[in-house]
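Letters go in sequence order (proteins before strands), and every chain restarts at 1.
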Amino acid sequence: MSQLRIYDTLSRQLIDFEPRDPGRVGIYACGLTPQAPAHLGHMRGAVLMDVVRRWLRHIGYEVDFVQNFTDVDDKIINRSREEGISPAEVAKKYSRLYLNDLAALGIEPARWVYVTENMPVIIEMIEKIVERGKAYEVDGDVYFRVQSTPEYGKLSRRKLSDMQAGARIEVDERKEHPMDFAIWKAAKPGEPSWDSPWGPGRPGWHIECSALSLKEFGADFDIHAGGVDLIFPHHENEIAQSEAYLDKPQFARIWMHWGSVQLAERKMSKSEDVVMGVREALERFPAGAIRLYLLGTGYRSPIEYSDARMEDAQRAFDRLRAALNRAKQMLGDAVEGPADDDLCKRFAEAMNDDFNTAAALATLHDTIGQLNERMAEGLRGQEERAAELVRTAEWFGGILGLPFEEPEAESALVEKLMAAIIEWRQELRIQKQFAVADSIRKDLNAIGVLLEDGPEGTTWRRS
RNA sequence: GGCGCCGUACCCAAGUGGUUAAGGGAAGGGUCUGCAAAACCCUCAUUCGGCGGUUCGAAUCCGCCCGGCGCCUCCA
């Protein structure tokens, strides 16, 4: 099988993936600050990393996937004032909401870490950085000294001098350099705080991911991931801090960044009103359609949201699912056995090529196409091949996390009612009372039940 | 102003030096069917924003131009 290659933002090239510890992969993905409902942009990264984990595991690695909740931060404090609940309650409320969203999309749980539960390692890291002369204290704040690191800017490929020109932010005169950033912030009255050598305060944004990833994995861990919008300043600063702390340039081996999800040509972010919330998306479309939509484009490209695109994805997903379920009905239980070698190889080539899920999906579609072909011929001695295709497609679906199983079992009452209606309507059809039969089908369709009259009788499913 | 990305059919999209340019959705025709739906078959880019260049050969490399976008400030 081909070698897995992953695009690394720092070196701007595809890297032959080789974990630090043979057989084991450590991945740290920046989570989020739980202070508002999540939107599809968050789900893009979550779905991608879910597929990455499944694939890595498939090719033989043990995967440890860590993600953080930045559960104390300015935005949470602001939110707590708006909602009249404590910052801790804000964090708990929105992180729970987020975990529900992930579950609804079939995303495997990460190993979650929380900033507020890890103050000692964060403070210890800051102390060490100050000790090394790479950070300084001013009135209870601690700032990272960007000029102490000649390589500052290497991830985002920008120079301090260039950034000064564009910086139109209010410059804090107490800082040595305008780009110096806070790694510890002194608490103002009423704000949540933790004791530290610089007085009560909380960690600055960026330091938590450095501290937590190094705590969980140690230096030179395998993959650090996040959205493109985190490249600067978040990941740039993480690198600067971590390397200052470690005193060597080996923080993470590969930096993976996924593209943004845009709506109406604008990036979705929580500071804009134009967001497609996960809840709204899930109310309107099945999880499988959302995953198909998100995985249909290379993860590094920006992707635009539109209802039309989601509808396309839903039609495509329904076709895949309907074909598989029909095949399983026709084949009964006789589907055990291996998958198709050639198709699997094609799928693997795609996945090993920097997780090319779009190409992998094309293989899935071809697999289903071949299966439909056999079914259109009424199977006729091709049961073995059909079963092989079913296994192959289900295997691909497993890697991509596509929920092909029927949505939910119907209650016995519904099953009996439908059977009765279908039988009654069948009587009408035999008596050639087509107008009445059609009107029944039409009425059922209006309430979301689709009747399909086939050669072997009438079947029904939710539409 | 700085850094970076993108422009492939009606829409989405893979492909980054060499067989007929994946796949999905839509559309049109056909098969099946009482009809509808589903499924199957066929059609749907001699061409990859434009113009030059490199090469035996380019959608793929280089240059210029046109158009769109992201980041540089909170962001996944």
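- A salt bridge does not link A:Arg346 to A:Asp340: none of the charged nitrogens lies less than 4.0 Å from a carboxylate oxygen.
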Short N/O separations, protein against nucleotides 29-31 of chain B, under 3.5 angstrom:
none

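- Relative orientation of the A:Phe181 and A:Phe144 rings is parallel, given thresholds of 30° and 60° on the angle between their planes.
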Each base of RNA chain B marked ( ) or [ ] if paired in-strand (Watson-Crick or G-U under 3.5 Å), | if paired to another strand and . if unpaired gives ((((((((.[[[..)..(....]]].(((((.......))))).....[[[[[..)....]]]]])))))))....

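- A:Arg429 forms no cation-pi arrangement with A:Phe434, by the criterion of a distance under 6.0 Å to the ring centre and an angle within 45° of the ring axis.
- Taking atom CG of A:Leu230 as the reference point, atom C1' of B:rU73 lies 14 Å away to the nearest angstrom.
- For A:Arg315, a side-chain nitrogen or oxygen approaches OP1 or OP2 of B:rA26 to under 4.0 Å.
- You'll find that the side chain of A:Arg326 is closest to B:rA39, out of B:rA39, B:rC69, B:rG25.
- Figure legend: cation-pi geometry between A:Arg321 and A:Phe404 absent, as NZ or CZ is not positioned both under 6.0 Å from the six-membered ring centre and within 45° of its axis.
- When distances are taken from the side chain of A:Gln262 to each of B:rG70, B:rG34, B:rC40, the shortest belongs to B:rG70.
- Using a 4.0 Å heavy-atom criterion, one finds that A:Asp366 contacts the sugar-phosphate atoms exclusively.
- Close placement of the A:His235 and A:His257 rings is indicated, their centers lying within 6.0 Å of each other.
- Of all heavy-atom pairs between A:Tyr293 and A:Glu304, the closest is OH-O, 3.0 Å.
- Within 4.0 Å of A:Ala362, counting heavy atoms only, lies at least one base atom of the nucleic acid.
- Rounded to the nearest Å, the gap between the C1' atom of B:rA58 and that of B:rA21 is 13 Å.
- Using a 4.0 Å heavy-atom distance criterion, A:Gly45 is classed as making no nucleic acid contact.
- Comparing the same atom, C1', in B:rC71 and in B:rA9 gives a spacing of 32 Å after rounding to whole Å.
- Comparing B:rU20 with B:rG1, their P atoms are spaced 45 Å from each other, to the whole Å.
- In this structure, A:Leu343 atom CG and B:rG23 atom P are separated by 13 Å, rounded to whole Å.
- Within 4.0 Å (heavy atoms only), A:Arg441 reaches at least one base atom of the nucleic acid.
- For A:Arg309 and B:rA13, the shortest distance from a side-chain N or O to OP1 or OP2 is below 4.0 Å.
- For the pair A:Glu311 CD and B:rG24 P, the interatomic distance rounds to 19 Å; values are reported in whole Å.
- Contact between A:Met43 and A:Asp101 at its shortest, heavy atoms only, is CE-CB, 4.1 Å.
- Within the nucleic acid shown, A:Gly153 has no heavy atom closer than 4.0 Å to any nucleic acid atom.
- Relative to the side chain of A:Phe434, the nucleotides B:rA14, B:rC74, B:rG34 differ in distance, and B:rG34 lies closest.
- Heavy atoms of A:Gly454 sit nowhere under 4.0 angstrom from any nucleic acid atom.
- Closest of all the heavy-atom pairs between A:Asp71 and A:Ile76 is C-CD1, 3.5 Å.
- Comparing B:rA14, B:rA39, B:rG24 by their nearest atom to the side chain of A:Ala316 picks out B:rG24.
- For the pair A:Arg12 CZ and B:rC3 P, the computed distance is 12 Å after rounding to whole Å.
- The closest side-chain donor-acceptor pair between A:Arg174 and A:Tyr143 falls under 3.5 angstrom.
- The ring of A:Tyr94 has its center no closer than 6.0 angstrom to the ring center of A:Phe69.
- Taking side-chain N and O atoms only, A:Asn356 has a distance below 4.0 Å to OP1 or OP2 of B:rG15.
- A donor N or O paired with an acceptor N or O is not found under 3.5 Å between the base of B:rC74 and the side-chain atoms of A:Asp74.
- Under the salt bridge (charged side-chain N to carboxylate O under 4.0 Å, His left out) test applied with A:Asp74, the options A:Lys188, A:Lys185, A:Arg79 reduce to a single match, A:Lys185.
- Separation of the P atoms belonging to B:rC61 and B:rC5 is 12 Å when rounded to the nearest angstrom.
- At whole-Å resolution of the value, CH2 in A:Trp460 and C1' in B:rA37 are 16 Å apart.
- Closest to the side chain of A:Ser301, from the set B:rA14, B:rA26, B:rG34, is B:rA14.
- If you take atom C1' in B:rC11 and the same atom in B:rA27, they sit 11 Å apart, rounded to whole Å.
- Between the side chain of A:Asp229 and the base of B:rG70, no donor-acceptor pair of N or O atoms lies under 3.5 Å.
- At the heavy-atom level, A:Phe232 lies under 4.0 Å from the strands shown only through sugar-phosphate atoms.
- One interatomic measurement links the two molecules: CG of A:Asn237 to P of B:rC72, which rounds to 12 Å at whole-angstrom precision.
- A:Ile303 comes within contact range of no nucleotide atom at all, as no heavy-atom separation falls under 4.0 Å.
- Each of B:rA38, B:rC11, B:rC40 was ranked by its minimum atom distance to the side chain of A:Asp312; first place goes to B:rC11.
- Taking atom NZ of A:Lys159 as the reference point, atom C1' of B:rG4 lies 14 Å away to the nearest angstrom.
- Rounded to whole angstrom, the span from the CZ atom of A:Arg346 across to the C1' atom of B:rA22 amounts to 7 Å.
- Of the candidates B:rA39, B:rA38, B:rU73, B:rU73 carries the atom nearest the A:Met179 side chain, counting heavy atoms from C-beta on.
- Of all nucleotides listed (B:rC3, B:rC40, B:rC11), B:rC3 comes nearest to the side chain of A:Arg158.
- Within 4.0 Å of A:Asn372, counting heavy atoms only, lie sugar-phosphate atoms of the nucleic acid but no base atom.
- For the pair A:Arg158 and A:Phe232, the cation sits on the ring face: its NZ or CZ lies under 6.0 Å from the ring centre, inside 45° of the axis.
- No donor-acceptor contact under 3.5 angstrom links the side chains of A:Asn100 and A:Tyr98, judged on distance only.
- Proximity note for A:Leu450 (side chain, C-beta onward) versus B:rC11, B:rA37, B:rA14: the nearest is B:rA37.
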